[in-house]
Each structure stands twice: as C-alpha cells, then as structure tokens.
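A short write-up of the structure that comes next.
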Amino acid sequence: MATVLSAQGLSKEFRGFRAVDDVDLDVTEGSVHALVGPNGAGKTTLFNLLTGFLAPTAGRITLARQELAGRPPDQIARLGVARSFQISSLFPQLTARDHVELALQGGTGLGWRFWRSDRRMARFRNRALELLDEVRLANLAETHAGALSYGHKRALELALALALDPKVLLLDEPTAGMGVEDVTATVELIGRVRAGRTVVLVEHNMKVVATLADTVTVMQSGRVLVEGPYADIRRDPRVVTAYLGDADASD
Amino acid sequence: MIIRLLAGRPILLAVGLLAALTLPWVIYPPVAMDMICWALFAVAVDLLLGFTGLLSFGHAAFWGTAAYVSGLIAVHSGLPFPVAVLAGALAAATLAVPIGWLSVRSTGIYFAMVTLAFAQLVYFVANQWRGLTGGENGLQGIPRDLFGVDLSDPFFFYYAGLPIILAGLWCAWRVVRSPFGRVLVAVRDNPARARALGYPVEKYKLLAFVLSAALSGLAGGLFAIGHGFVSLQEVYWTTSGQAVMMVVLGGIGTLWGGVIGAGLIVELNDYLATAGFEEIGIVTGTVFAATVLIFRRGIWGTARHLLTGHSGRRGRAGAGRSAAADGEAVRA
Ligand SMILES: Nc1ncnc2c1ncn2[C@@H]1O[C@H](COP(=O)(O)OP(=O)(O)OP(=O)(O)O)[C@@H](O)[C@H]1O
Ligand SMILES: [Mg+2]
C-alpha cells in the first residue's frame with residue numbers, strides 16, 4: 001500500500017522546548033490513522049506542522065512525493081491536506097452553506113474576482129448542499145454558525161474539510177467534549193466519509209480509535225512511542241503505562 | 001414597515017444620489033467638492049478597516065501622492081483633468097504595492113504603526129523634494145482643463161468631478177459585494193480558518209490594500225484639481241487620521257457610514273473655520289468622542305441597527321470579533 005503523507009525527522013522547538021521531537025510518520029493511502037497520546041504530547045503541534053501553520057525546526061514532510069515543509073497553509077490546503085481544528089474555528093456570522101461555498105471556492109480563482117458579483121458563488125450551491133447533507137446538516141444550511149450546537153459545529157468543520165476534496169483529512173479531536181450520542185453519530189459519520197479517503201485522527205476516546213483506526217501512533221513528550229494496529233498497541237506495556245492504563249481498565 | 005422600506009437599498013441610493021446632485025445648491029460649492037472627495041476617501045479606508053479588518057494610519061500617503069501626481073500632470077501636460085486624476089490613482093496604487101507588501105504581514109496596532117511610518121516617509125520625501133512638490137509653499141497653479149470647457153466656476157467643476165467620485169464609490173461597493181469581498185470578510189473574522197480553506201490571506205490583504213489606495217488616490221487627485229493647489233497637509237498624518245475618524249464616526253464596515261462621516265466632519269470644519277474659530281481640532285475631537293461613546297456602531301451603523309433590527313446583510317456590518325459577538329447575541 002502506498003504512503004500518501006509522510007514525515008521524516010520532524011521536529012518543532014519552542015524556545016528550547018521540543019514539542020515535536022524527531023517524529024517519523026507514514027500514512028497509508030485509504031487508511032484511518034489515529035494519533036493518540038496524553039495532553040501536551042505534541043499531537044496538535046504535529047498537525048500544525050503538517051498543514052504549514054507552523055514551520056518545522058527540522059525534518060521533511062511529503063505528500064505523494066511533493067515536499068510540503070516550508071509551504072504556506074493555504075497552498076498545502078490546495079495541494080490536498082485539509083484539517084479541522086481542535087477548537088471549532090468558524091465564521092459566526094456566516095451560515096453553514098456560506099461556509100461550505102467559501103471552502104469550495106478556495107480551490108478556484110473566483111475569490112480574486114473583485115469586479116464580479118458575489119452571486120456568481122451560487123455555482124457552488126448544489127455541491128455545498130450535498131456536502132451538508134453528507135454530514136447531516138442539510139436542514140441547518142441557512143443557520144448561522146454562531147447559533148449551531150457544539151456537535152453541529154464539529155460536523156460543519158468536517159464538511160469544510162471535505163469541501164476541499166483533500167487527499168488527506170486531518171481531524172483534531174473530532175469528538176472532544178461531545179456527549180455519548182454525538183460521539184456515536186460522529187464515529188458513524190467519519191466511518192461513512194472515510195470511504196475513498198485517507199484520514200489522520202487525533203483522538204483521546206479509545207473506543208473511537210478502536211472502531212475507526214487501522215493504524216495507531218502513540219506519542220509522548222513529542223516523540224513516537226509505538227506504532228501499530230490498535231489490537232497490538234493496547235497490549236504494549238509502554239503504552240499502558242504512558243496512556244492507555246485507564247481506558248484499558250475500563251473496557 | 002415603512003421605515004424598513006426606507007432603509008432598503010434602492011431608496012437609499014435614490015436619496016444619496018439626490019443629495020449628491022443638489023449639494024452645491026445647498027452649500028458653498030467648493031465645500032461640496034471637498035465633501036465628496038473626502039467621502040470617497042473615507043469609503044476607501046472603510047474597505048480596509050471595515051471589510052478587511054486592517055486599520056491603516058497611513059492613507060494620507062496615497063491621497064497625497066495622488067494629489068501631487070495629478071497636480072503635476074495637470075500643470076505640465078495640460079491633459080484633461082480626469083486623465084490627471086486617473087494617473088494620480090494609478091500612482092497611489094503603484095506606491096501601495098511595496099508599502100502593502102511590507103505592512104500586511106503585521107496586524108492590529110502594528111499594522112497601523114507600519115503604515116503610519118511609511119506615510120511619514122512619503123511626507124519627508126514630499127517636504128524635501130522642493131523642486132517637484134514646492135515643499136512648504138505647495139504645488140500651485142493647477143489648471144482644470146476639460147477639452148477647453150471653462151470649469152473655473154466651482155459650481156460647474158463640482159458636476160464635472162462628481163462622476164469620478166460616483167464611479168469610485170460604485171467600485172468600492174462592487175468590491176465589497178464580490179466573491180473577493182466575501183473572502184475579505186472571512187479573512188477579517190478568522191484568518192486562520194480562511195488559510196485552512198486555501199486562501200492566501202496576505203495576498204488577499206495586499207490586493208485589498210492596493211484597491212483601497214487606488215480609490216483614495218482617485219479622491220486625492222480630484223481634491224487637488226478642485227483646489228488648484230496641493231499642500232504638504234495632504235501627506236500629513238492628520239489627513240490619515242481624519243479619514244479614519246470619518247469612518248468610525250459614520251460606522252465601520254457600512255460604506256454609507258464613511259460618506260456620512262465625511263459630510264459631517266467637512267461641514268463642521270467649514271462652519272468652525274468660517275466662524276473664525278481657531279481650535280477646530282478640539283471641537284471635532286469632542287464631537288467625535290461623544291458620538292462614538294453614545295453610538296458604539298457609529299451614526300449609520302446605529303441607525304441601520306435600529307431600523308432593521310440586525311447588523312447588516314450577512315453580518316458584514318462590523319469589524320472583527322466584537323461585531324461577530326454582537327451578531328450572535330442579536331440572533332439568539
Ligand atoms: N505556540 C506554542 N508555543 C510554545 N509552546 C507550545 C506552543 N504550542 C504548543 N506548545 C507546547 O507544546 C506541547 C505540545 O502541545 P500540543 O498542543 O501539540 O499537545 P497535544 O498533544 O495536542 O495536547 P492535547 O491533547 O491537550 O490537545 C505542550 O507542552 C504545549 O504547551
Ligand atoms: Mg491538541
């Protein structure tokens with residue numbers, strides 16, 4: 001199976017503190033790859049490196065043989081790495097449909113046309129409604145993001161990432177802070193949208209990881225502790241001490 | 001219901017157009033000319049402040065550069081004045097490319113400071129380059145030529161210049177209501193998100209900056225031709241400050257607000273000057289402070305909020321976070 005996204009020797013230092021320390025990561029095309037680890041392990045920082053929001057101190061990032069390190073976030077997004085944010089990051093005054101239309105426009109040159117009417121964006125409407133339907137937000141298309149519930153905001157984040165038609169989808173804690181019902185719905189949603197896509201998922205909920213992930217990478221203090229299928233990882237004594245102790249005891 | 005209708009766009013447009021056409025009958029024509037020039041300048045500043053979230057404190061550089069360039073072209077070439085004005089706008093846009101390129105990387109107060117610094121540089125150059133600008137004496141004797149038509153009467157010159165201003169205002173409106181304008185508002189409200197959606201935020205800001213400078217230049221060039229004279233005042237920092245003040249007074253992110261703010265400040269300045277009042281700054285400053293304290297959204301922003309019960313179509317009526325929070329509260 002082909003590797004679609006990979007990092008080699010990736011490091012990020014914040015004033016001498018290594019938040020990400022010499023990380024190697026290979027994400028297989030078509031897989032769901034979970035990234036787990038205790039708080040502060042460096043998972044979000046790794047996402048920020050992969051998407052260009054932070055510049056690596058050292059290391060290489062390649063997307064299907066294309067070097068990504070050093071490119072700005074917008075270019076990486078257009079090249080095919082889309083992300084959601086750990087804390088929902090939306091435009092409170094725009095409707096759900098406005099959001100998705102804006103995302104669909106991102107890859108085209110229409111955004112530069114300052115001499116055109118914004119009615120031209122209507123060309124994205126049908127696709128936007130399709131995507132909203134895919135994440136079960138069709139009936140909330142005209143609702144402003146500021147008025148959406150927490151779970152719906154997370155779903156909209158997912159729709160935005162999908163709108164970019166990415167090669168790799170990076171989801172930072174898509175179920176964080178959700179009640180059991182929303183978690184189930186989100187797992188079902190990701191399970192559905194993963195078809196034909198590659199997903200990297202930061203997740204604290206081990207049930208979610210167990211259900212969705214083909215491969216799990218465990219991080220601790222900026223380093224990769226172990227990597228492998230969930231079934232192997234959960235029995236690894238190092239992982240149990242570092243992280244999985246509680247979750248394992250509970251199921 | 002009737003009030004809502006009155007606030008509707010076609011009616012507003014008709015009222016605005018009527019006001020523009022009758023202005024020199026109501027007030028002293030040179031003051032009317034100043035008013036419409038400042039109105040376009042303020043709207044250009046609002047394009048950045050209200051719709052891109054960038055507070056420029058250096059737009060005098062563009063207004064003033066265009067004033068000098070238009071004036072010099074009119075003096076030396078004898079071309080029709082609209083050509084001189086357009087050339088001024090082009091010069092302002094060209095100057096905005098390097099200045100914008102170096103400024104848009106910073107945000108908030110730093111952006112204001114960087115733009116102010118560049119404007120001071122332009123002021124310094126204008127002051128030093130006496131041979132060209134006339135230094136402290138100013139650039140004098142700018143003709144108003146339009147294919148031999150006699151435009152020496154300010155009343156007629158007003159009508160000759162008005163189409164340029166209206167075209168500039170239309171451009172600003174077009175930009176705001178374009179796909180580009182939608183991206184600008186997204187960049188203003190959540191730049192990180194806009195980036196993640198594939199928009200190169202800095203480049204969008206730069207284009208907005210250049211467009212805003214071009215419109216400021218259009219206004220400044222016409223202002224110079226109208227006065228027949230350019231002084232260092234046009235590149236001085238207080239000119240930048242006055243344009244910002246007009247926008248804040250009228251309402252940030254409303255376009256109309258800039259027009260209203262300009263009308264009020266120019267009228268107030270003229271009234272105080274005719275009354276022989278020395279400390280004009282104190283009065284305008286006090287009026288400004290009082291208005292902003294009472295009407296947080298500015299005059300037009302507040303009026304529209306009261307009339308329509310919301311803060312604008314698609315929430316384009318405010319700058320940044322606080323407006324976003326307002327929008328949410330109103331809808332909840
Ligand atoms: N911009 C920054 N400047 C300085 N330190 C930072 C910065 N961003 C992250 N860190 C530090 O880097 C470490 C890793 O943070 P990161 O957010 O990547 O962790 P995480 O694995 O995503 O944790 P969580 O599960 O809580 O989201 C933390 O100690 C954090 O304080
Ligand atoms: Mg995190």
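Throughout, a chain's letter reflects where its sequence line sits, starting with A, and its residues are numbered from 1.
- Between A/Pro72 and B/Arg195 there is no side-chain heavy-atom pair separated by less than 4.5 Å.
- When heavy atoms are compared at a cutoff of 4.5 Å, A/Leu102 approaches chain B by way of both its backbone and its side chain.
- For chain B, the option among A/Leu110, A/Val81, A/Leu104, A/Thr51 with the highest count of heavy-atom pairs below 4.5 Å is A/Leu110.
- The structure places CZ of B/Arg188 at 6.0 Å from CD of A/Gln93, a figure rounded to the nearest 0.5 Å.
- Shortest non-hydrogen contact noted between B/Ala196 and A/Arg83 is CB-CG, 4.3 Å.
- Contact of the B/Leu184 side chain with the A/Phe114 side chain is not registered, since no non-hydrogen atoms from C-beta on lie closer than 4.5 Å.
- Contact tally against chain B (heavy-atom pairs below 4.5 Å) for A/Trp112, A/Phe85, A/Phe91: the top residue is A/Trp112.
- Side-chain contact between A/Asp74 and B/Lys203: absent, with no pair of heavy atoms (C-beta onward) separated by less than 4.5 Å.
- The residue among A/Ser84, A/Gly52, A/Ala163, A/Ser117 with the most heavy atom pairs within less than 4.5 Å of chain B is A/Ser117.
- One finds the CZ atom of B/Arg182 at 8.0 Å from the CD atom of A/Gln105 (value rounded to the nearest 0.5 Å).
- Looking only at side-chain heavy atoms (C-beta outward), B/Phe180 and A/Arg116 stay at 4.5 Å or farther from each other.
- Residue contact with chain A, scored on non-hydrogen atoms closer than 4.5 Å, involves the backbone and the side chain of B/Ala192 alike.
- Only the side chain of B/Leu211 comes within contact range of chain A, judged by heavy atoms closer than 4.5 Å.
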